[in-house]
Amino acid sequence: AATNMNILYLGIVNPVEIAVPGVLPDKVTVTLSNGTIKKVSNGWEVIPTNSGEEVFTISVNGKKVADKTFRVKTIPFPVAVFAGKNMGSVSKTEALKVETLEARLPDFDWDINFKIKSFSLLFSSEAADTLEFAKDNRITERMKSLLTSLQRGQTITFKDIKATGPDGRTVALNPIILKID
């Protein structure tokens with residue numbers, strides 16, 4: 001076992017396999033120090049309730065045979081992206097094709113999705129600054145109209161970005177600042 005990788009994530013279903021050599025699976029019972037566990041057709045599902053540690057107590061026919069400790073961590077914060085970027089530059093053509101803002105978890109191996117709940121777009125021009133709001137992850141018609149008027153060298157900023165993860169927590173994400181090239 002990779003002992004440094006014994007990690008569970010808070011507030012979501014964590015699939016685990018539990019086996020005791022030479023013992024039929026129906027004779028194995030498991031209790032947790034920090035969450036819930038249930039047997040499913042292809043193993044077990046664990047949902048930790050607090051960060052810190054989760055101790056699995058494994059028993060066979062009511063007799064304890066082992067304790068196994070896992071670390072419990074929160075799911076990392078995602079990064080908001082527009083046109084696949086969270087900084088740098090974007091062409092006007094590319095910007096006009098994008099329909100939504102996305103939240104991604106770079107370098108995270110689990111298939112976990114965050115949903116953008118709201119954001120604002122700050123568009124700066126020589127005449128004035130314009131701030132438009134969206135109540136989901138979609139670029140609004142007004143935002144599309146502003147993007148159409150972009151000129152090379154102008155900057156767009158997506159800010160006040162809120163996303164909700166599968167664990168139910170809503171997080172504020174860093175802004176996206178892009179220069180039109």
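Quick caveat: nothing in here was measured; it's all calculated off a predicted structure.
- Once rounded to the nearest 0.5 Å, the distance linking CD1 of Ile180 with CG of Leu150 reads 4.5 Å.
- In this structure, Phe77 CZ and Leu105 CG are separated by 11.0 Å, a value rounded to the nearest 0.5 Å.
- Expressed to the nearest 0.5 Å, how far CD of Glu54 lies from CD1 of Ile47 amounts to 11.0 Å.
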task: With side-chain hydrogen bond (donor to acceptor under 3.5 Å, both in side chains) as the test, would you mind laying out the steps for Asp67 and Thr57 before giving the verdict?
output: CA-CA 5 Å; Asp67 282 333; Thr57 300; 2.9 Å; yes
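- More than 12 heavy atoms of other shown residues, nucleotides or ligands fall within 6.0 angstrom of atom NZ in Lys85.
- Under the 4.5 Å side-chain criterion, counting only non-hydrogen atoms from C-beta, Phe56 is in contact with Ile37.
- Within the 4.5 Å cutoff, the side chain of Pro166 has heavy atoms near those of the Ile75 side chain.
- Salt bridge present: Glu141 and Lys144 bring a charged side-chain N and a carboxylate O closer than 4.0 Å.
- Shortest non-hydrogen contact noted between Trp44 and Val40 is N-CG2, 4.0 Å.
- Considering only heavy atoms from C-beta on, Phe114 comes within 4.5 Å of Val171 through its side chain.
- Using a 4.5 Å heavy-atom cutoff, the side chains of Leu121 and Ile156 are in contact.
- Here the side chain of Ser120 pairs a donor or acceptor atom with the backbone of Lys159 at under 3.5 angstrom.
- Across all their heavy atoms, Gln151 and Gln154 have their closest contact at N-OE1, 2.5 Å.
- Side-chain contact between Asn86 and Asn174 is absent, with no heavy atoms from C-beta onward closer than 4.5 Å.
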query: Please walk me through it: do Thr100 and Ile116 pass side chain to side chain contact (heavy atoms under 4.5 Å, CB included)?
result: CA-CA 9 Å; Thr100 61; Ile116 302 284; over 6 Å; no
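- Leu8 and Val30 fall within the same hydrophobic cluster, where Ile, Leu, Val, Met, Phe, Trp and Tyr residues are linked whenever their side-chain heavy atoms come under 4.5 Å apart, directly or through other members.
- In this structure, Pro175 and Ile161 approach most closely via the heavy-atom pair CA-CD1, 4.3 Å.
- No chain of hydrophobic side-chain contacts below 4.5 Å, direct or via other Ile, Leu, Val, Met, Phe, Trp or Tyr residues, connects Ile177 to Met143.
- For the pair Leu10 and Ser51, the tightest heavy-atom approach, listed with the atom from each and the gap, is CD1-N, 3.9 Å.
- Follow the hydrophobic side-chain contacts under 4.5 Å out from Phe70 and you never reach Val13; the two are in separate clusters.
- Here CG of Asn34 is found 4.0 Å from OG1 of Thr49. Values are rounded to the nearest 0.5 Å.
- With hydrophobic clusters built from ILVMFWY side chains whose heavy atoms lie under 4.5 angstrom apart, Val55 does not share a cluster with Leu32.
- Asn14 contributes a side-chain N or O that, together with a main-chain N or O of Val46, makes up a donor-acceptor pair within less than 3.5 Å.
- Considering every non-hydrogen atom in both Glu53 and Val72, the closest pair reads C-CG2, 3.9 Å.
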- request: Please report the C-alpha distance between Thr148 and Leu96 in whole Å, then the side-chain angles of each, then the deciding distance to 0.1 Å, and finally whether the side chain to side chain contact (heavy atoms under 4.5 Å, CB included) criterion is met.
  value: CA-CA 7 Å; Thr148 301; Leu96 290 172; 3.7 Å; yes
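- In this structure, NZ in Lys39 is found 11.0 Å from CD in Glu45, a value given to the nearest 0.5 Å.
- Phe82 places none of its side-chain heavy atoms less than 4.5 Å from the side chain of Phe119.
- Between Thr140 and Phe133 there is no side-chain heavy-atom pair separated by less than 4.5 Å.
- Asp181 CG to Leu178 CG: the interatomic distance, rounded to the nearest 0.5 Å, is 9.5 Å.
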query: Taking it one step at a time, do Ile18 and Lys68 satisfy side chain to side chain contact (heavy atoms under 4.5 Å, CB included)?
result: CA-CA 10 Å; Ile18 300 169; Lys68 182 71 175 173; over 6 Å; no
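- By the neighbour-count criterion of 12 heavy atoms within 6.0 Å, atom CZ of Arg169 is densely surrounded, having more than that number from other residues, nucleotides or ligands.
- Side chains of Ile139 and Leu147 form a contact here, defined as non-hydrogen atoms less than 4.5 Å apart.
- Contact record, Pro78 with Leu173: O-CD2, 3.5 Å, taken as the closest heavy-atom pair.
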